[in-house]
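Here is the structure we will look at, set down as structure tokens.
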Amino acid sequence: MSSSEFSIIDEFFTVNSSQGFPPILGVGDDCAVLDIPNDKQLAVSTDTLVEGTHFLKNSDPQLLGHKVLAVNLSDLAAMGATPAWASLAITMPDIDKDWLAGFSKGFFSLAEKHSLHLIGGDTTQGPLSITITIMGLLPKHQRLTRGGAKVGDAIYVSGNIGDAGLGLLKARSGSVDLTDEAVAAYLMPAPRVELGQQLLTLATSCIDISDGLSADLNHILRVSNVGATIQHQNTPISDEVCQHMSTIDNQLWPYSTGDDYELCFTIANDVDLEKIDAGLAQTFTKIGIIEEAAGLRIQMSGGQQITLNKGYEHFNGK
Ligand code: ADP
Ligand code: MG
């Protein structure tokens, strides 16, 4: 790495903070060194965002810095883990200090919110692509997985589904208006980290919705070896997305749009939801029930039942 690349790391990617779990050794050496507390275990996940595939060309760097971290934090949220550390690999076509300043601002403002430390990374030249490996901590012997849903459990989803899908359509037409709920859901998703932590001892299964509710709930169903029926009228969909569904005459649209970064989870019917913070409890909705018969069925308001098994698939198109 050249000295100018080193100065970039100093200038944009070296932040010391004493919040959370500071690394023993952070950015600057050949490796970072981390100390995992005795009563904890490590949860690790990696996500890559590629320009033109996962975000639009010429995206605002500050929003991108937020989003790439949000997407990774969402995976920790789905496991019930507490964010601790991240490493950041950036491949970029050239060194553009304005771009780096924006990216770093978006990244660190979200990192600080979750007491997350950037502990290292890699910086290389090439088409714009960003990879984060995120690490979180879980109490020993606890984790929230896709595999624990049981027949009779209630199915919940946080927030709305479809907002980010509509936001993508608007962003494609050039909107960066963050006062528009749909655009904000797409460009600045808020990972449900606190909710995930509270669900850790309450939920039987959990996943974050990145490829659409249908695809991601189907992952829970397959791994847990169960099926489900969702009541369409209970699915949280904004008025604006409902309007869009009418316009395109597709009531199932929000089940297959990606980028929601909400949590979908199951809880045994006899569990007392009062254990969840009142503020957080308002952020999710019961949408259906886990059943024995395999597959995901959507019960439409008119009585019709539709089986859904797809969301957004990168290698198969829509
Ligand atoms: P090496 O050649 O040993 O891989 P590098 O020259 O790539 O080391 O990186 C030097 C230091 O800067 C390392 O500590 C590395 O973790 C850190 N680093 C490089 N790129 C980034 C980045 N984008 N964000 C944070 N830290 C980075
Ligand atoms: Mg390197």
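If you're wondering where the values come from, they're calculated on a predicted model, not measured in any experiment. One-based numbering, in listed order, for ligands and for the atoms of each.
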Option among Thr204, Thr266, Leu263 that satisfies the side-chain contact (heavy atoms from CB on, under 4.5 Å) test with Leu199: Leu263
For Leu118, atoms of ligand 1 separated by under 4.0 Å from a heavy atom: 24 (N), 25 (C)
Proximity winner for atom 24 (N) of ligand 1, if only heavy atoms of Ile119, Ile90, Val27, Leu88 are counted: Leu88
Polar proximity ligand 1 side, Gly121 side, N/O cut 3.5 Å exclusive: yes
Proximal ligand 1 atoms for Asp29, defined as those under 4.0 Å from one of its heavy atoms: 13 (C), 14 (O)
Distance filter under 4.0 Å to Phe13 heavy atoms, resulting ligand 1 atoms: 24 (N), 25 (C)
Atom indices of ligand 1 within 4.0 angstrom of Thr123 heavy atoms, with elements: 19 (C), 20 (N), 21 (C), 22 (C), 23 (N)
ILVMFWY cluster membership beyond Leu63 - transitive side-chain contacts under 4.5 angstrom: Leu56, Leu168, Val176, Leu178, Val183, Tyr186, Leu187, Met188
Centroid separation Phe107 to Phe12 less than 6.0 Å: no
Sub-4.0 Å atoms of ligand 1 with respect to non-hydrogen atoms of Asp30: 3 (O)
Within-4.5 Å side-chain heavy-atom neighbours: Tyr261 and Val71: yes
Centroid separation Phe108 to His66 less than 6.0 Å: no
Under 4.5 Å side-chain linkage, directly or through intermediates, the cluster mates of Val44: Phe21, Leu34, Ile36, Leu42, Trp85, Ile119, Met135, Leu137
